[in-house]
Amino acid sequence: MSEIGVKNLTEGNIFRQLIRLAMPIMATSFVQMAYNLTDMAWVGRLSSEDVAAVGSVGLLLWLVSSFALLTKVGAEISIGQSIGAKQLDKARIYASHTTTIALGLGAVITLLLFFGAEFILSFFRLSPAITAKACSFMRVVSTSTPMIFLTWTFFGIYNASGRSTIPFYLTCCGLVCNMILDPLMIFGIGNIEGMGVMGAAWATWLSQSLVVLLFIWQMRRPNGILNRFPYLIRLQKAYTWRIFKLGTPVAAMNFLFASINLYLARIASFYGGHIGVMSQTTGGQIEGITWNTSQGFSTALGAFVAQNYAAGRMDRSWKAYRYTLMMMLSLGVMVTFAFVFFGKEIFGIFVPEEQARLAGGEYLAIVGLSQIFMMLELTTQGMFNGTGRTLPPAVISISFNIARIPLALWLAPHIGIIGVWWAITISTIFKGIILPLWFGKRVKN
């Protein structure tokens with residue numbers, strides 16, 4: 001199947017294939033996380049108020065990116081299963097459908113964010129000065145939404161085809177561009193005055209544009225994936241319905257997860273002011289170290305299982321699941337130790353202001369207790385997704401994420417802002433216990 005740029009995952013050494021597929025996906029997730037951390041690290045040199053402005057927009061962009069998972073996950077499962085079943089023409093049609101849907105959704109959301117910036121950001125109840133900065137920042141980055149959606153879809157197409165290294169290389173180029181542009185555009189150089197927070201917005205926009213152009217260049221090459229499929233086509237009902245059926249549960253799960261975190265940020269703002277919002281947004285970015293690691297292996301496992309499930313090789317899928325669990329649990333122990341005992345030092349790397357460092361360290365110490373359970377949940381989610389059963393993980397995630405709100409509202413009046421952090425930790429622990437039990441029971445039945 002090399003003539004259309006895909007790899008067969010139904011034969012060969014399981015551990016080696018899983019690692020080769022997972023490592024680039026995981027590294028790509030780290031690179032994407034580094035975009036935000038780079039922005040936070042440089043903006044943190046301005047003030048904690050500026051970090052709160054950028055962080056609030058970051059939460060909204062996280063909410064928006066949930067919609068991009070619809071086509072990413074739809075591509076990973078539909079194309080992966082089509083390749084596993086040796087239906088390569090169908091895989092090509094699915095690829096075109098996912099890019100068409102991604103561009104349409106991205107354009108609609110750009111309009112909503114650009115023209116509704118002030119109304120949307122009023123949700124956080126920040127000071128007028130911080131809200132004004134956040135609005136200007138969001139209007140710039142909102143115009144890159146179609147590019148973000150298309151990039152996520154390209155990730156899904158390459159992952160399903162077993163070529164996860166390409167997204168990693170291209171995303172690294174974007175990160176390098178962002179790392180160079182951030183300090184130049186935020187603080188200026190020589191006689192050129194810096195743009196402050198807006199410099200971070202334009203640096204991100206230009207870097208994302210570069211990644212999309214590199215993807216298009218790569219796909220237009222002679223060995224482009226799936227015979228250089230078209231990006232825009234007339235949608236067919238059957239293919240569109242399957243993409244939405246596969247991707248909607250995951251997109252809805254992440255959308256609600258992000259929405260709940262937005263509301264938790266509002267509670268944090270009430271009990272901790274802009275320091276509370278800053279602790280949650282920046283701390284969440286740092287916590288992304290373990291989340292992105294787990295999500296990377298979960299995505300790789302899902303792509304691996306999709307091909308083997310369609311080929312009738314579930315024995316290989318089970319072995320891959322066991323390998324993944326062993327690696328993730330080992331890493332989870334190390335990260336928990338780091339967050340609990342060195343949280344203040346880790347947070348201080350990004351926001352050195354003393355009050356912010358102490359508050360952020362408290363956040364990391366509490367959520368650090370749930371890292372192993374988060375890895376259990378996401379790894380099992382990969383198994384469910386690979387078999388096309390995307391609903392069970394969504395049900396568990398949505399149920400316990402919603403429970404965070406009443407739990408935070410109950411705890412915060414008694415123990416302050418750390419009640420919000422404990423609500424996050426407790427719900428994550430329950431998800432990490434229940435989802436693997438559900439999967440085990442389903443298999444036995």
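These numbers come from a predicted model, not from an experiment. Reckoned from all heavy atoms, side chains included, excluding hydrogens, waters and symmetry mates.
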Any non-hydrogen side-chain atom of [X] less than 4.5 Å from a side-chain atom of [Y]?
X      : Y      : value
Tyr363 : Phe347 : no
Phe255 : Leu69  : no
Phe154 : Ile166 : no
Trp438 : Ile396 : yes
Thr171 : Phe155 : yes
Pro392 : Phe439 : no
Met374 : Val367 : no

Output the distance between atom [atom1] ([X]) and atom [atom2] ([Y]), rounded to the nearest 0.5 Å.
X      : Y      : atom1 : atom2 : value
Leu378 : Asn385 : CG    : CG    : 10.0 Å
Phe137 : Thr204 : CZ    : OG1   : 5.5 Å
Ile372 : Leu331 : CD1   : CG    : 9.5 Å
Thr99  : Tyr231 : OG1   : OH    : 8.0 Å
Phe115 : Ser142 : CZ    : OG    : 9.0 Å

side-chain hydrogen bond (donor to acceptor under 3.5 Å, both in side chains) partners of [range], not counting sequence neighbours, each pair once:
range            : answer
residues 65-84   : Thr71-Thr153, Lys72-Glu76, Glu76-Asn159, Gln81-Arg242
residues 109-119 : none
residues 371-382 : Glu287-Gln371, Thr290-Gln371, Tyr321-Thr380

Taking side-chain contact (heavy atoms from CB on, under 4.5 Å) as the definition, give me every residue that meets it alongside [X], ordered by chain and number, with sequence neighbours left out.
X      : result
Ala95  : Ile79, Ile157, Leu226, Phe229
Ile148 : Ser144, Trp152, Gln208
Met179 : Thr38, Leu175
Thr248 : Leu70, Phe244

What residues form a side-chain hydrogen bond (donor to acceptor under 3.5 Å, both in side chains) with [X], not counting sequence neighbours?
X      : answer
Arg139 : none
Trp422 : none
Thr428 : Arg404
Ser96  : none

Is there a donor-acceptor pair closer than 3.5 Å between any side-chain N or O of [X] and the backbone N or O of [Y]?
X      : Y      : value
Asn401 : Ser397 : yes
Ser298 : Gly382 : yes
His97  : Leu235 : no

Taking all heavy atoms of [X] and all of [Y], pick out the closest pair and write down the distance.
X      : Y      : answer
Leu181 : Ser207 : CD1-OG, 4.4 Å
Leu210 : Cys177 : CD2-CB, 3.9 Å
Gly199 : Ile186 : C-CG1, 4.0 Å
Ala91  : Ile83  : CB-CG1, 4.2 Å
Pro167 : Tyr158 : CG-CB, 3.6 Å
Thr143 : Val140 : OG1-O, 2.6 Å

**Q.** Parallel, tilted or perpendicular: rings of Phe400 and Phe430 (30°, 60°)
**A.**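 If you compare the ring of Phe430 with that of Phe400, the planes turn out parallel.
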(Q) With ring pair (Phe, Tyr, Trp, His ring centres under 6.0 Å) as the rule and sequence neighbours excluded, what pairs involving residues 71-93 come up? (A)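 Those involving residues 71-93 do not exist here.
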Q: Report yes if the distance between the aromatic ring centroids of Tyr94 and Tyr239 is under 6.0 Å, otherwise no.
A: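 So the answer is yes for these two rings.
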